[in-house]
Amino acid sequence: MTVVSVNVAVVRSDIETRAPDGRTGIDKRPVDGPVLLTADGVRGDTICHTKHHGGPDQAVYAYAVEDLAFWTAELGQEFTPGGVGENLTVSGVDCTGAVLGERWRVGEAVLQVRATRTPCRVFAGFRGVPDLVKRFIAAGRPGAYLAVLRPGTVRAGDPVEVFDRPDHGVTVADLLAASTVARERAPEIAAAREYLGVRARAWLDRALELSGA
């Protein structure tokens, strides 16, 4: 399990977005050399709209080359590292099956899985596929948002080690499904509540209240 690339934003204003300034940092591209990961995020990256993106629970977004290959075949366009807006492109790491709360040792840093990726229309505009949000959710390959527990530098070629995994078994793919197309599954996510980021925890609490669970 290795890091294929570390990717940071090229800020663009030519992609449709509801943001008042029209800017987005979804276009991530590989950089050379070591990159520092901190609790605030990836050094050199840009988060344009912090209401919905970034923060300590979404400091780093990881996606696997195996899943990028799926999208290359599915959509007939090449998904290179950074192609879904991820900071870390990894190989041999099960990002879809990542268990909420599991910890990764990546280069000098220690990361913890906290949330799933929920796609938005900016992502669809970035790839030029109008129905991509629906297709991304249906495919169940969301990638993982991670918090940085121990800051450190990471570079292409660094090993990735999953060294601790909670036994509740709730994955980022489970969280994506429960928060979008299978809301009846929200009670299943409660087993992982202590590991959720602030945004996901707030969603879960609302969902459980509405369900009466």
Side-chain angles (χ1 to χ4, degrees), residues 3-19 21-32 35 37-38 40-91 93-96 98 104 106 111 113-148 154 156 160 172-173 175-176 179-180 197 199-200:
V3 175
V4 174
S5 67
V6 185
N7 317 302
V8 301
V10 174
V11 177
R12 292 173 56 178
S13 57
D14 60 336
I15 300 172
E16 183 182 358
T17 172
R18 293 177 181 175
D21 60 4
R23 300 167 71 245
T24 175
I26 196 171
D27 188 355
K28 313 286 189 191
R29 303 183 190 179
V31 294
D32 295 326
V35 178
L37 307 186
T38 74
D40 295 324
V42 180
R43 181 69 57 83
D45 193 26
T46 302
I47 304 296
C48 293
H49 308 111
T50 55
K51 180 179 179 180
H52 300 292
H53 303 287
D57 300 311
Q58 297 183 10
V60 179
Y61 176 44
Y63 209 73
V65 290
E66 293 82 1
D67 290 324
L68 292 177
F70 168 86
W71 289 113
T72 294
E74 179 75 9
L75 299 179
Q77 55 175 269
E78 188 176 9
F79 277 69
T80 56
V84 299
E86 78 275 14
N87 301 113
L88 286 184
T89 309
V90 294
S91 176
V93 182
D94 186 3
C95 291
T96 293
W104 301 1
V106 185
L111 314 179
V113 175
R114 293 279 180 84
T116 189
R117 161 78 171 280
T118 303
C120 63
R121 70 174 190 169
V122 176
F123 178 43
F126 171 49
R127 299 304 316 195
V129 180
D131 64 345
L132 184 55
V133 170
K134 181 179 179 179
R135 293 172 73 168
F136 191 87
I137 292 170
R141 297 169 180 260
Y145 273 119
L146 302 107
V148 178
V154 176
V160 179
V172 292
L175 177 57
L176 175 66
S179 60
T180 54
R199 296 183 182 100

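- Both the sub-6.0 Å distance and the 45° axial angle are not jointly satisfied by Arg199 relative to the ring of Tyr145.
- Applying the salt bridge (charged side-chain N to carboxylate O under 4.0 Å, His left out) test to residues at least two apart or on different chains, the pairs with a partner in residues 70-90 are Glu74-Arg135.
- What you find for Leu176 and Gly140 is that their closest heavy atoms are CD2-CA, 4.5 Å.
- Of the possible polar contacts, none joining the Arg141 side chain to the Phe70 backbone as a donor-acceptor pair under 3.5 Å is found.
- Interatomic distance, CG of Leu37 versus CG of Asn87, reported as 8.0 Å (0.5 Å rounding).
- Here Thr96 contributes atom OG1 and Asp67 contributes atom CG; the two are 4.0 Å apart, rounded to the nearest 0.5 Å.
- Listed here is the closest heavy atom pair of Ala156 and Val6: N-CG2, 4.5 Å.
- Of all the heavy atoms in Ile137 and Pro119, the pair that sits closest is CG1-CG, 3.9 Å.
- Between the side chain of Ser5 and the backbone N or O of Asn7 there is no donor-acceptor pair closer than 3.5 Å.
- Heavy atoms from other residues, nucleotides or ligands lying under 6.0 Å from CG of Asp131 number more than 12.
- Nearest heavy-atom pair, Val4 versus Pro81, reported as atom, atom and distance to 0.1 Å: CG1-CG, 4.2 Å.
- Expressed to the nearest 0.5 Å, how far CG of Leu146 lies from CD of Gln58 amounts to 10.5 Å.
- Looking at every heavy atom in both residues, Pro142 comes nearest to Thr116 through CB-OG1, 3.2 Å.
- Cation-pi geometry between Arg127 and Phe136 is not met at under 6.0 angstrom from the ring centre and within 45 degrees of the axis.
- One distance of note links OG1 of Thr89 with OH of Tyr63; it measures 10.5 Å at 0.5 Å rounding.
- With contacts defined as side-chain heavy-atom distances shorter than 4.5 Å, the pair Phe123/Arg117 qualifies.
- With a 4.5 Å cut-off on side-chain heavy atoms, Val84 and Tyr61 count as touching.
- At a threshold of 4.5 Å between non-hydrogen side-chain atoms, the residues Val106 and Val90 do not count as touching.
- Salt bridge present: Lys28 and Asp45 bring a charged side-chain N and a carboxylate O closer than 4.0 Å.
- Across all non-hydrogen atoms, the minimal contact from Val172 to Cys95 is CG2-O, 3.1 Å.
- Remark: the backbone N or O of Phe79 is paired with a side-chain donor or acceptor of Thr72 at under 3.5 angstrom.
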